[in-house]
Amino acid sequence: MLTKKDIRFALDEIGKMYPDAHCELTHENPFELLIAVVLSAQCTDALVNKVTKDLFQKYKNPEDYLNVPLEELQNDIKSIGLYRNKSKNIRKLCETLIEQYGGEVPSTKAELEKLAGVGRKTANVVASVAFGEPAIAVDTHVERVSKRLGICRWKDSVLEVEKTLMKKIPRDEWSQTHHRLIFFGRYHCKARSPECEVCPLLDICREGQKRMKAKARA
DNA sequence: AACTCGGGGCA
DNA sequence: TGCCCAGAGTT
């Protein structure tokens, strides 16, 4: 497990690599962000952005999603995969927004998480990006990076990873750190081919040293 | 905890 | 071709 000092070092180095990491999903308002994040589950944001460009031109508010046949909505998001679940969830979500929130997007994590298609990760992202609430959303990148570096344990659940990060990172750095870890995981500490050879964190990274040793042996 | 949804991107 | 992707819901 990394010491507090090592974690500080790691966060600072990652911050130097990606000083202006941000949410890459296109959105003009909380509602569009919410839809975009729900659509982004298990597919890349670049792919989602291709669809949302036309989607947000056509669907401006929760009512618009309910005023077309389900098949039409499915067809509009077909190319991102998992479209049957996502289209149904979005319609259910829009119904809830209209019935319970006057057509607006609720701003707290607890309320967001109750919406169809919105889990802990999506709720954290929307609360953080759209409403400025401190949050660390643990997706596959954040989880992988945290475990490789040794910020948390390999067997930790997603929720345990989130708790550990919140405990070890100052609250006012949560949102920024979240996006930086995602950039670091996406572009450098990649799932398949992490670039350990040119990584500034190699000295403190358990997994990186293991990989380099294995490579030297081969 | 394991399984399913799923087309696109990349090696 | 095969494997993975900025997850969530169900069993």
Side-chain angles (χ1 to χ4, degrees), chain A residues 14 17-18 20-27 30 32-55 70-71 73-97 105-106 109-130 133 135-149 151 153-162 165 174-196 211 215:
Chain A
I14 294 173
M17 296 174 74
Y18 307 100
D20 41 33
H22 59 280
C23 179
E24 292 190 317
L25 293 168
T26 58
H27 60 279
E32 289 191 357
L33 175 66
L34 176 60
I35 299 294
V37 180
V38 169
L39 290 176
S40 77
Q42 286 301 101
C43 72
T44 65
D45 47 319
L47 190 58
V48 172
N49 284 337
K50 274 192 212 168
V51 174
T52 52
K53 196 178 174 188
D54 291 331
L55 199 69
L70 181 59
E71 293 72 25
L73 178 57
Q74 287 185 343
N75 191 57
D76 288 336
I77 65 171
K78 194 176 45 180
S79 61
I80 66 170
L82 303 180
Y83 57 90
R84 278 187 276 267
N85 288 339
K86 288 176 182 177
S87 59
K88 287 178 193 167
N89 283 336
I90 285 177
R91 284 170 66 106
K92 204 179 296 178
L93 174 161
C94 286
E95 282 180 22
T96 307
L97 291 187
V105 179
K109 287 187 272 188
E111 289 171 309
L112 287 164
E113 207 173 343
K114 287 182 196 162
L115 300 173
V118 179
R120 192 175 184 85
K121 180 251 166 182
T122 301
N124 277 333
V125 170
V126 174
S128 167
V129 176
E133 189 174 332
I136 300 177
V138 178
D139 53 44
T140 57
H141 292 312
V142 175
E143 181 179 1
R144 184 181 62 252
V145 168
S146 300
K147 290 182 176 181
R148 278 182 180 167
L149 281 173
I151 295 177
R153 294 167 297 193
W154 275 106
K155 48 169 57 176
D156 281 348
S157 67
V158 171
L159 189 58
E160 287 170 326
V161 174
E162 183 183 333
L165 288 172
W174 284 358
S175 299
Q176 186 183 56
T177 300
H178 154 62
H179 287 111
R180 287 178 174 178
L181 288 179
I182 285 173
F183 271 61
F184 181 66
R186 177 197 252 288
Y187 300 113
H188 190 94
C189 192
K190 295 175 284 191
R192 301 184 195 171
S193 50
E195 299 175 1
C196 303
R211 283 171 180 267
K215 197 172 179 182

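In this text, all values refer to a predicted model and were calculated from it rather than measured experimentally. Side chains are part of it too, since the values below use all heavy atoms of this structure and drop only hydrogens, waters and symmetry mates. All chains are named by letter (A, B, ...) in the order of the sequence lines, taking the proteins before the strands, and each is independently numbered beginning at 1.
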Using the 3.5 Å cut-off, write out each protein N or O paired with an N or O of nucleotides 9-11 of chain B and the distance between them.
unit_1: B:dG9; atom_1: OP1; unit_2: A:Lys50; atom_2: NZ; d: 2.7
unit_1: B:dG9; atom_1: N2; unit_2: A:Arg192; atom_2: NH2; d: 3.2

| request: Mind calculating the distance between CD1 (A:Ile80) and C1' (C:dA8) to the nearest angstrom? | output: 13 Å
| request: Locate the shortest heavy-atom distance separating A:Pro106 from A:Leu97; write the atom from each residue and the value. | output: CD-CD2, 3.7 Å
| Looking only at atom P, what distance separates C:dA6 and B:dC3, rounded to whole Å? | 23 Å
| Mind checking the C1' distance from C:dT10 to B:dG7? Whole angstroms is fine. | 22 Å
| field | Rounded interatomic separation in angstrom, taking CG from A:Leu39 and P from B:dG7 | value | 15 Å
| message | Between A:Arg84 and B:dG6, is there a contact of a side-chain N or O with OP1 or OP2 at under 4.0 Å? | response | yes
| field | salt bridge (Lys or Arg N to Asp or Glu O under 4.0 Å) partners of residues 111-123 of chain A, not counting sequence neighbours, each pair once | value | A:Arg120-A:Glu162
| Protein-nucleotide distance (A:Glu162, atom CD; C:dG7, atom P), rounded to Å | 14 Å
| task | Determine the minimum heavy-atom distance between A:Ile80 and A:Val48, stating which atoms define it. | result | CG2-CA, 4.4 Å
| Which pairs pass salt bridge (Lys or Arg N to Asp or Glu O under 4.0 Å) with one or both residues in residues 174-184 of chain A, sequence neighbours excluded? | none
| Whole angstrom value for the distance that separates C1' of B:dC5 from CG of A:Asn85 | 5 Å
| note | note: A:Asn124, atom CG; C:dG7, atom C1'; distance rounded to Å ~ 13 Å
| With a non-hydrogen cut-off below 4.0 angstrom, is A:Lys78 in contact with a base, only sugar-phosphate, or nothing? | sugar-phosphate
| said: A:Glu95: which residues meet the salt bridge (Lys or Arg N to Asp or Glu O under 4.0 Å) condition with it, sequence neighbours left out? | reply: none
| remark: With sequence neighbours left out, the residues meeting side chain to side chain donor-acceptor pair (under 3.5 Å) with A:Arg91 are none
| field | Residue-level proximity of residues 175-186 of chain A to DNA chain C when a heavy atom falls under 4.0 Å | value | A:His179, A:Ile182, A:Arg186
| request: Give every residue pair that meets the salt bridge (Lys or Arg N to Asp or Glu O under 4.0 Å) criterion with at least one member in residues 137-147 of chain A, sequence neighbours excluded. | output: A:Glu143-A:Lys147
| message | Whole angstroms only, please: what is the CD-P distance between A:Glu143 and C:dA8? | response | 12 Å
| task | Among residues two or more places apart or on two chains, list those pairs meeting side chain to side chain donor-acceptor pair (under 3.5 Å) that have a residue in residues 76-89 of chain A. | result | A:Lys58-A:Asp76, A:Tyr59-A:Asp76, A:Gln74-A:Ser87, A:Asn75-A:Lys78
| query | Within this structure, what is the CD-to-C1' distance between A:Gln42 and B:dG8, rounded to whole angstrom? | reply | 13 Å
| said: Which heavy atom of A:Asn49 sits nearest to which heavy atom of A:Leu25, and what is that distance? | reply: OD1-CA, 3.6 Å
| query | Can you check whether A:Thr122 has a side-chain N or O nearer than 4.0 Å to OP1 or OP2 of C:dA8? | reply | yes
| Which residues share a side chain to side chain donor-acceptor pair (under 3.5 Å) with A:Ser40, sequence neighbours left out | none
| message | From NZ of A:Lys88 over to C1' of C:dA8, roughly how many Å is that when rounded to an integer? | response | 14 Å
| said: If you only use heavy atoms from C-beta on, which nucleotide in C:dC4, C:dA6, B:dG6 is closest to the side chain of A:Leu82? | reply: B:dG6
Give every pair of a protein N or O atom and an N or O atom of nucleotides 9-11 of chain C that lie under 3.5 Å apart, one pair per line with the distance.
unit_1: C:dG9; atom_1: OP1; unit_2: A:Gly117; atom_2: N; d: 2.8

| Nearest-nucleotide comparison on DNA chain B, the residue closer to the 5′ end among A:Ser157 and A:Tyr83 | A:Ser157
| With A:Ser128 via side chain to side chain donor-acceptor pair (under 3.5 Å) - residues at least two apart | A:Ser175
Side-chain donor-acceptor distances from residues 182-192 of chain A under 3.5 Å, at least two apart:
unit_1: A:Arg186; atom_1: NH2; unit_2: A:Asp45; atom_2: OD1; d: 2.0
unit_1: A:Tyr187; atom_1: OH; unit_2: A:Glu24; atom_2: OE1; d: 3.4
unit_1: A:Tyr187; atom_1: OH; unit_2: A:Glu24; atom_2: OE2; d: 3.2
unit_1: A:His188; atom_1: NE2; unit_2: A:Glu195; atom_2: O; d: 3.1
unit_1: A:Lys190; atom_1: NZ; unit_2: A:Glu195; atom_2: OE2; d: 3.1

